[in-house]
A.B. asks: 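Please find one structure pasted underneath; my questions will follow.
Every chain is numbered from 1, with letters handed out A, B, ... down the list of sequences. No experiment lies behind these values; they were computed from the predicted model shown.
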Amino acid sequence: MGKVLVHKSQEGVTSGRIVEVEAYIGPDDPASHAYKNRKTARTTVQYGKRGLAYIYQIYGKQCCFNIVTGKEGKPEVILIRALDPIGGIDLMMKRRGISTTRNIKNLTNGPAKLCQAMGIDKSLYGEELFGKKLYIVEDEIRIKKEEILATPRINIDYAGNAKNKLWRFIIKNNPFVSKR
DNA sequence: TGCACGATTCTCT
DNA sequence: GAGAATCGTGCAA
């Protein structure tokens, strides 16, 4: 939390601070694509090394960006749900389109929105996040524990009891978090 | 090979 | 706050 995600693409560089995430603990989490260690073409990278990008498409055109955090063989990932834009805001606006950027918050306050703004798509599936194209920077700003709030995750009603787990984390009072 | 559905977004009311 | 768009994925057959 509070780290900066950077993407250097052909079109230019965009970056933003991570202000909202969700955890998905594969084997024991009905909301995870890797529930019960399910291994398919889509989830393969979840079983790979830490620091790889897990990107999946949902509802047709939308895509979401995750970071693999579990040890090799453990399908644990973090979904990035919102960013606070820092660099390349013009490019983000261009990618997102004029109609949706009347309100600056609409640039990156949702998992599929930030992918579009950052230019992240399935071609970056399995990309190393400690590489040159897509990576995370630790900067001088440190988020204190008291500034982080744990809440239930969003849109996983199908997951039974797991929907009540406090596995969504947001930075308090940050205007870019997707929902209150 | 077929079919139901979703870790969402946008628009309209 | 509700409803449509939209298609890859996973599982049944």
A.B. asks: Treat primed atoms plus P, OP1 and OP2 as sugar-phosphate and everything else as base, then score nucleotides 5-13 of chain B 5' to 3': B for base contact with protein heavy atoms under 4.0 Å, S for sugar-phosphate contact only, - for none.
C.D. replies: -BBBSSS--
A.B. asks: Using side-chain contact (heavy atoms from CB on, under 4.5 Å) as the criterion, list what pairs up with A/K132, not counting sequence neighbours.
C.D. replies: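 By the side-chain contact (heavy atoms from CB on, under 4.5 Å) rule, A/K132 matches no residue at all.
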A.B. asks: Please tabulate, for the side chains in residues 24-32 of chain A, all donor-acceptor contacts under 3.5 angstrom to protein atoms that are two or more places apart in sequence or on a different chain.
C.D. replies:
residue	atom	partner	partner atom	Å
A/Y24	OH	A/E22	OE1	2.7
A/D29	OD1	A/A31	N	2.9
A/D29	OD1	A/R153	NH2	3.1
A/D29	OD2	A/I25	N	3.4
A/D29	OD2	A/R153	NH1	2.7
A/D29	OD2	A/R153	NH2	3.4
A/S32	OG	A/A34	N	2.9

A.B. asks: Enumerate the residue pairs fulfilling side-chain hydrogen bond (donor to acceptor under 3.5 Å, both in side chains) with a member in residues 66-76 of chain A, sequence neighbours excluded, ordered by first and then second residue.
C.D. replies: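 Those involving residues 66-76 of chain A do not exist here.
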A.B. asks: Which is true for A/K122 with a 4.0 Å heavy-atom rule: it touches a base, it touches only sugar-phosphate, or it touches nothing?
C.D. replies: sugar-phosphate
A.B. asks: Considering only residues two or more places apart or on different chains, which pairs with a residue in residues 114-166 of chain A satisfy ring pair (Phe, Tyr, Trp, His ring centres under 6.0 Å)?
C.D. replies: none
A.B. asks: If you walk 5' to 3' along DNA chain C, what is the first nucleotide with an atom under 4.0 Å of a heavy atom in chain A, and what is the last?
C.D. replies: C/dT6 to C/dC11
A.B. asks: So does A/T43 get a backbone contact from the side chain of A/Q46, meaning a donor-acceptor N/O pair under 3.5 Å?
C.D. replies: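 The answer is no, because no donor-acceptor pair under 3.5 Å joins these two groups.
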A.B. asks: Enumerate, atom names and distances included, each donor-acceptor pair closer than 3.5 Å involving a side-chain atom of residues 110-118 of chain A, sequence neighbours excluded.
C.D. replies:
residue	atom	partner	partner atom	Å
A/K113	NZ	A/N109	OD1	2.9
A/Q116	OE1	A/R96	NH1	2.7
A/Q116	NE2	A/R95	O	3.1

A.B. asks: Which residues pass the side-chain contact (heavy atoms from CB on, under 4.5 Å) test with A/K122, sequence neighbours left out?
C.D. replies: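 Residues passing side-chain contact (heavy atoms from CB on, under 4.5 Å) with A/K122: A/I55, A/Q57.
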A.B. asks: Counting Watson-Crick and G-U wobble pairs whose two distances are both under 3.5 Å, find the runs of 3 or more in a row that involve DNA chain B.
C.D. replies: B:1-6 with C:7-12, B:8-12 with C:1-5
A.B. asks: Taking only residues at least two apart or on different chains, which pairs with a member in residues 25-71 of chain A satisfy ring pair (Phe, Tyr, Trp, His ring centres under 6.0 Å)?
C.D. replies: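 As it turns out, the ring pair (Phe, Tyr, Trp, His ring centres under 6.0 Å) pairs with a partner in residues 25-71 of chain A, which skip direct neighbours, are A/H33-A/Y56, A/Y54-A/Y56.
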A.B. asks: Please identify each residue that fulfils side-chain hydrogen bond (donor to acceptor under 3.5 Å, both in side chains) with A/D121, with sequence neighbours left out.
C.D. replies: A/S123
A.B. asks: With a 4.0 Å cut-off on heavy atoms, is A/R153 in touch with a base, just the backbone sugar-phosphate, or nothing at all?
C.D. replies: nothing
A.B. asks: Cluster partners of A/I154, using ILVMFWY side-chain heavy atoms under 4.5 angstrom, listed by chain and number?
C.D. replies: none
